[in-house]
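Hydrogens, waters and symmetry mates play no part in the numbers below; they use all other heavy atoms, side chains included. For ligands, and for the atoms within them, numbers begin at 1 and follow the listed sequence.
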Amino acid sequence: MKVVKTIDVIVVGAGSAGIGVAVVLKRMGINFQILEKEEIGASFKKWPEETQFISPSFTGNFFKMPDLNAITPETSPAFNLLTEHPTGEEYQEYLETVSEFYKLDINTGVTVETVHKKKGTFIVMTNKGEYHSQFLIWAAGEYQYPDRRAFKGSELCMHYSDISSFEEIKTDERIVIGAYESGCDAAINLCREGTSVTLLDRSNSFELVNSDSSYSLSPFTRDRLIEEDLNFEYKPESGVKEVRFDKGKYVAETVSNKQFISSHKPINCTGFTSSLSLIESLFETHEGYPILNNFDESTKTKNLFLVGPQVKHGNALFCFIYKYRQRFSIVANRIAVRNKIDNSIIKRVVQDYKDANFYLKDLACCDGECVC
Ligand SMILES: Cc1cc2nc3c(=O)[nH]c(=O)nc-3n(C[C@H](O)[C@H](O)[C@H](O)COP(=O)(O)OP(=O)(O)OC[C@H]3O[C@@H](n4cnc5c(N)ncnc54)[C@H](O)[C@@H]3O)c2cc1C
């Protein structure tokens with residue numbers, strides 16, 4: 001296949017991670033291109049219509065406390081969208097505004113199919129031909145890669161990511177499997193539509209409280225769960241091992257052999273695999289997460305970097321925007337140094353990110369507990 005283009009850096013994905021890191025590359029004067037299979041912020045646009053951000057937006061940027069959902073130190077979704085908990089569609093608007101403002105080079109309609117490395121060059125095969133680069137930043141996310149094999153019979157269920165609106169799928173009753181953020185979101189929104197929900201939880205998420213937001217339900221979700229008139233039955237310690245379709249009914253059977261029966265497709269909210277499945281041979285892994293060095297670079301493939309919610313160091317999971325945005329300038333810094341960008345430019349940009357608390361290098365800090 002003929003070579004389409006050779007660029008210094010390819011960024012795969014124009015979601016919050018890809019756009020966020022691209023802004024730093026742009027500010028450092030690095031030659032890059034974003035390859036995006038659909039459109040800017042495509043995953044956010046696919047969220048159910050009623051779903052909102054759980055992390056709040058509030059404009060505190062100029063007091064060095066940037067909006068938790070901002071992807072650059074000088075922008076704020078709260079300022080831009082005038083709401084505290086944006087919907088996916090609203091947040092996509094914010095991402096479009098940021099891309100336009102920084103004049104990012106985004107090639108939409110380009111799906112990355114495979115990547116391999118030959119003699120120091122990444123060969124990126126896409127539906128629009130072949131791209132070559134010295135550096136590759138993977139930012140293709142998780143949402144568009146749902147886990148449809150979490151339990152036997154899960155193909156009989158509707159996955160959370162298949163839902164475009166809870167209003168469209170309202171019924172008299174439904175089983176929701178999984179009670180972390182997406183399961184609770186499905187339960188709350190279905191109840192608001194008048195559906196009575198049975199919420200099956202493998203553990204006991206309602207009781208679990210941890211000061212790291214990656215491991216505990218958010219306050220926004222807890223507030224919504226105690227709303228009046230929510231008609232749901234919560235079943236902790238009810239991990240589903242199988243769903244069957246029997247005599248016109250869906251039967252969800254738990255590991256302790258309890259059965260829950262419904263006339264409607266259960267909703268599978270057990271999570272996502274990851275776009276990393278496309279390039280898994282380029283990473284070493286530990287417990288399902290890619291092993292990264294201190295610059296979020298693959299320990300197996302030099303010059304391959306990861307940004308976004310799959311970044312994990314020790315117990316610190318960078319699955320929220322306010323967490324993983326703190327690694328954008330670390331990745332860009334490393335690429336800039338290797339690409340021989342003028343040191344004074346690198347320093348200035350990194351300092352801006354440091355000043356705004358958009359820079360986290362000391363990963364030891366992430367294991368603490370709040371004192372109260
Ligand atoms: C219901 C829900 C609520 C959430 N709420 C919050 C919240 O309140 N706060 C928060 O911080 N986080 C929240 N998150 C997590 C947040 O959505 C993710 O952190 C964020 O979307 C990840 O951004 P990303 O850029 O890595 O991935 P994505 O947003 O998924 O972007 C990846 C992009 O890559 C493109 N792509 C995928 N595969 C390819 C390919 N092969 N070739 C080319 N392009 C490709 C996609 O089209 C997409 O545009 C929530 C997630 C969900 C599901």
Take a 6.0 Å sphere around [atom1] of [X] and say whether it holds more than 12 heavy atoms from other residues, nucleotides or ligands.
X: Asn294; atom1: CG; answer: no
X: Lys45; atom1: NZ; answer: no
X: Glu74; atom1: CD; answer: yes
X: Phe79; atom1: CZ; answer: no

Query raised in the report: If you measure from each non-hydrogen atom of Ser218 to ligand 1, which part falls under 4.0 Å: side chain, backbone, both or neither?
Result: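 Within the 4.0 Å criterion, Ser218 makes no contact with ligand 1.
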
Requested in this report: Would you mind telling me if ligand 1 is within reach of the side chain of Gln144, the backbone, both or neither, using heavy atoms under 4.0 Å?
Outcome: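 Just the side chain.
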
Nearest protein heavy atom to [atom], by residue and atom, and its distance?
atom: atom 9 (N) of ligand 1; answer: Ser55 OG, 2.7 Å
atom: atom 41 (N) of ligand 1; answer: Val112 O, 3.0 Å
atom: atom 25 (O) of ligand 1; answer: Ala17 N, 2.9 Å
atom: atom 26 (O) of ligand 1; answer: Pro309 CD, 3.1 Å
atom: atom 27 (O) of ligand 1; answer: Gly141 CA, 3.3 Å
atom: atom 44 (N) of ligand 1; answer: Lys37 N, 3.1 Å
atom: atom 37 (C) of ligand 1; answer: Ala140 O, 3.4 Å
atom: atom 34 (O) of ligand 1; answer: Gly13 CA, 3.2 Å

Side chains of [X] and [Y]: is there a donor and an acceptor less than 3.5 Å apart?
X: Gln326; Y: Lys361; answer: no
X: Thr108; Y: Glu36; answer: no
X: Asp8; Y: Gln134; answer: no
X: Thr273; Y: Asp147; answer: no
X: Tyr234; Y: Asp201; answer: yes

Pull out every atom of ligand 1 sitting under 4.0 Å from any heavy atom of [X], numbered as shown with elements.
X: Leu35; answer: 43 (C), 44 (N)
X: Ala42; answer: 47 (O), 49 (O)
X: Gly15; answer: 25 (O), 29 (O), 31 (O), 33 (C)
X: Ile321; answer: 10 (C), 11 (O)

Quick one: does [X] get within less than 4.0 Å of ligand 1, heavy atoms only?
X: Tyr145; value: yes
X: Ile40; value: no
X: Leu278; value: yes
X: Ser182; value: no
X: Cys319; value: yes
X: Ser275; value: no

Query raised in the report: With under 30° as parallel and over 60° as perpendicular, where do the rings of Tyr143 and Phe272 fit, or are they tilted in between?
Result: tilted

Report task. Fit a plane to each ring of Phe305 and Phe135, take the angle between them on a 0 to 90° scale, and name the class: parallel (under 30°), tilted (30 to 60°) or perpendicular (over 60°). Result -> tilted

Do any nitrogen or oxygen atoms of [X] lie less than 3.5 angstrom from nitrogen or oxygen atoms of ligand 1?
X: Glu36; value: yes
X: Phe53; value: no
X: Ser43; value: yes
X: Thr111; value: no

**Report entry** Side-chain heavy atoms of Glu237 within contact of Asn204, under 4.5 Å
**Finding:** yes

Query raised in the report: Does some side-chain heavy atom of Asp296 sit less than 4.5 Å from a side-chain heavy atom of Ile330?
Result: no

Option nearest [atom] (shortest heavy-atom distance, choices [options]):
atom: atom 19 (O) of ligand 1; options: Tyr160, Tyr324, Phe320; value: Tyr324
atom: atom 29 (O) of ligand 1; options: Phe44, Tyr322, Phe272; value: Phe44
atom: atom 17 (O) of ligand 1; options: Tyr143, Trp47, Phe318; value: Trp47

Report task. Starting from Phe320, walk the hydrophobic network (Ile, Leu, Val, Met, Phe, Trp, Tyr; side-chain heavy atoms closer than 4.5 Å) and list everyone else you reach, by chain and number. Result ->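 Grouped by the 4.5 Å side-chain rule, Ile54, Leu68, Phe220, Tyr322 form the rest of the cluster around Phe320.
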
**Report entry** Member of Phe58, Trp47, Tyr94 meeting the ring pair (Phe, Tyr, Trp, His ring centres under 6.0 Å) criterion with Phe53
**Finding:** Trp47

Query raised in the report: Under 6.0 Å between the ring centres of Trp138 and Phe122?
Result: no

